[in-house]
Amino acid sequence: MVTKKPDIEEKNIQEELKNEILSKESKREYHSSKFQKIETQVKESLKQQKTDDTLRDITIWALVLWSSDVHYEVFEDYVVVRFRIDWVLVDIFRLNYKEYKLILERLKYSSGLKLNITDVPQDGKYSMIIEKRDIDVRVSTLPVWNSENVVCRILDNTNAVIDFEELWFFWTTKRILEKAISKKNGMVLVTWPTGSWKTTTLYTVLAELNTRDKKIITLEDPIEYSMDWVIQSEVNEKRWYTFHTWLRAILRQDPDIIMVWEIRDRETLETATQASLTGHLVLSTLHTKSAADTLDRIINMWIKPYIIASALDTIVAQRLVRKICTHCKVEKVKTPEEQAIIEAMMKDIWMNIRQAKSIKLYEWAGCEKCNHSWYSWRIWIYEIISLTTKLRDMIREWATTQDIIDEARNGDLITIKEDWILKAIRGFTTIEEILRVI
Ligand SMILES: [Zn+2]
């Protein structure tokens with residue numbers, strides 16, 4: 001398949017349309033009557049000096065609002081408490097210095113940080129049981145000119161493993177991944193930009209593979225979720241051990257499946273490829289944006305192409321995007337400009353533009369359920385490359401990444417953009433969200 005590249009003029013029109021749609025989008029701010037409620041509750045407990053209640057309330061509310069992090073940001077006259085909801089930072093309420101001092105002391109005390117140290121960053125953890133759920137919160141402080149900023153990452157294990165079916169794969173991509181993980185050896189890389197919940201994908205895949213006839217060993221940093229029958233080890237870099245020395249020790253433990261939390265350097269990648277070549281299924285992650293980026297990164301780590309060609313099996317590039325709120329989703333009539341941009345997007349992914357008419361856009365309504373943000377929860381979008389014989393040959397022969405991707409597209413590769421647009425067409429997410437992120 002060959003597509004004509006859009007000329008410059010067409011590109012400019014697309015840019016203008018994109019900006020116009022996005023200018024409306026950026027005006028949507030999260031707000032909710034719940035935020036007021038949180039503020040009242042927190043300030044009441046602070047007034048009574050019951051700071052353990054305060055911390056508990058903030059943690060509970062963060063969970064209620066599906067937040068991944070709580071940020072305490074210090075400004076000249078006040079401190080803002082912000083939650084990251086669907087990875088957008090949302091201002092919840094403000095504190096004065098006196099109030100913040102109380103919370104800060106409680107946070108540091110609960111997470112085992114030194115109260116008297118305020119001029120270097122510290123990190124620790126506090127745990128709570130909330131409605132029978134074990135909630136761990138990782139706390140990190142950063143000294144700023146007049147106080148300390150704090151960011152709390154909520155590690156809620158309830159969603160660490162979900163059903164394989166809930167990972168939002170289309171059946172074609174799901175089939176490719178299932179095939180890859182059913183092999184005895186090979187390397188499956190999940191790649192991700194920050195905040196795309198690779199944890200959930202990896203743990204869910206591991207849960208799928210976890211049977212008593214196999215030995216699964218993981219190398220994590222840190223262990224975020226404990227799994228029955230899986231041998232989980234945590235790398236201890238403080239004692240001069242690194243990922244790859246640790247990985248070598250794991251290989252001597254006769255595993256069938258190895259999960260390496262993250263490939264950060266050449267040595268780890270080299271050991272992981274050797275593990276794959278010597279009959280192990282290796283799952284790991286790399287911090288890259290796409291399948292093409294991943295190939296580039298691996299080659300730039302100076303791993304010989306013939307080794308990559310034999311060791312690597314599948315690359316899953318994933319991303320999280322916001323899911324449209326089902327409670328306030330209302331279909332709207334498209335303007336000619338919006339129709340034009342949809343057609344341009346479809347042309348971009350080689351889809352028949354006649355289908356563009358059937359793509360729906362939704363009116364921004366917003367409701368209490370989604371904190372007037374229009375979005376609620378999230379979905380994954382994917383790009384999966386499975387190496388065929390032809391692709392392996394191309395890698396061995398030093399083909400360019402672009403040629404490899406083009407060849408893969410002739411096969412069954414669906415790019416992240418295509419997967420996304422297909423999910424937007426089905427009304428799971430919005431065209432605006434695609435424009436915002438891509
Ligand atoms: Zn809503």
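In listed order, ligands and their atoms are each counted from 1. Just so we're clear, the structure is a prediction, and the values are computed from it rather than from any experiment.
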Novice: Quick one: pull up CD in E39 and CD in E99 and give me the separation to the nearest 0.5 Å.
Specialist: 8.0 Å
Novice: Anything protein N/O/S under 2.8 Å from the Zn ion (ligand 1)? Just list residue and atom, please.
Specialist: C325 SG, C328 SG, C367 SG, C370 SG
Novice: Do side-chain atoms of Q122 reach the backbone of I117 as a donor and acceptor pair under 3.5 angstrom?
Specialist: yes
Novice: Check whether more than 12 heavy atoms from other residues, nucleotides or ligands sit under 6.0 Å from atom NZ of K183, and answer yes or no.
Specialist: yes
Novice: For the residue pair Y382 and F169, categorise the inter-ring angle as parallel (less than 30°), tilted (30 to 60°) or perpendicular (more than 60°).
Specialist: parallel
Novice: For K334, look at atom NZ and say whether over 12 heavy atoms of other residues, nucleotides or ligands are found less than 6.0 Å away.
Specialist: yes
Novice: What residues form a salt bridge (charged side-chain N to carboxylate O under 4.0 Å, His left out) with E234, not counting sequence neighbours?
Specialist: none
